[in-house]
Amino acid sequence: MRDLSQHLELLSLNTATVRKQASLDRIIEAAVARGIGLIDPWRDQVHAIGLDKVARHIRDTGVRLSGYCRGGFYTGANAKELAAALDDNRRAIDEAKALDSPCLVLVVGSLPGALSGKPQSIDITLARSQVRDGIAASLDHARSVGMPLAIEPLHPMQAADRACVNTLEQAPDLCDDLDPGRTGALGVALDAYHVWWDPKLAAQIQRAGVGRLLAYHICDWLVPTRDLLNDRGMPGDGVIELKKLRSLVEAAGYQGAVEIEIFSEAWWSRPLEDVLDVCISRYKSIA
Ligand code: ZN
């Protein structure tokens, strides 16, 4: 297993971790000043500043992307919504390319309307087939520009509103279906928070293996967890065996970034610089 303690260039900051403290340009400056080598920005943070400006800033500072968040949300209540989702994913792929990201992370979507509290369907099987077809359609454009798509399975507590891909097994299943030749165009973003509990985790990590593990996100599962979305813990504050998990990921061939991604009202209420310093120290000691 790699010794990360001297390798901040492998630490990626998912910029949602400090999204409430600062705009993306300030986050980049603070990360670069600390030697953090990578970021994974969110589309809304990029749009708030402007794609060209962010692309320039990234080139100027030398920071690189470990991923771009996010595409997906492929489901819809009608043909118009399904088409709009494909258009939006096309734009997300182009943005990821403009920022020289190694992949576009996909949160695939689930029951149409559920995210805004008004589900227009309770047919999760239909949602799963829309997701499959949506990814298949996006793959043509993704392949043509050379932007790998990384399917992120989400914890089942988010099965209604955010993603109907909920176990790690489902993601390589989709990859086998849509990219049987393992061309590298389609893979998995493995987020410890979403999959740590899965009894098939080790076997599925091994199965995804080299070429399909495109991203590795970490934080921690707090006990108790008070909010389904925004109560993630800093690595070391919860119950995920992060070192064991990374050893599995690396044994399967993954040599990429370790990305800290924390949605947490508690951490959003602390100063940007403090949060980054804690991220660095936990990355060195816990990740
Ligand atoms: Zn993630």
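In each ligand, atom 1 is the first atom listed, and ligand 1 is the first ligand listed.
Between Leu10 and Leu4 there is a side-chain heavy-atom pair separated by less than 4.5 Å. The side-chain heavy atoms of Asn14 and Ile260, taken from C-beta on, include no pair separated by under 4.5 Å.
As for Glu152, its N/O/S atom nearest the Zn ion (ligand 1) is the one called OE2. Residue-level check: among N/O/S atoms of Glu261, OE1 sits closest to the Zn ion (ligand 1).
Within a 6.0 Å sphere centred on NZ of Lys244, heavy atoms belonging to other residues, nucleotides or ligands number 12 at most.
With the Zn ion (ligand 1) as the vertex, OD2 (Asp191) and ND1 (His217) define an angle of 110°, rounded to 10°.
One finds no salt bridge joining Arg232 and Asp237 here, because no Lys/Arg side-chain nitrogen approaches an Asp/Glu carboxylate oxygen to under 4.0 Å.
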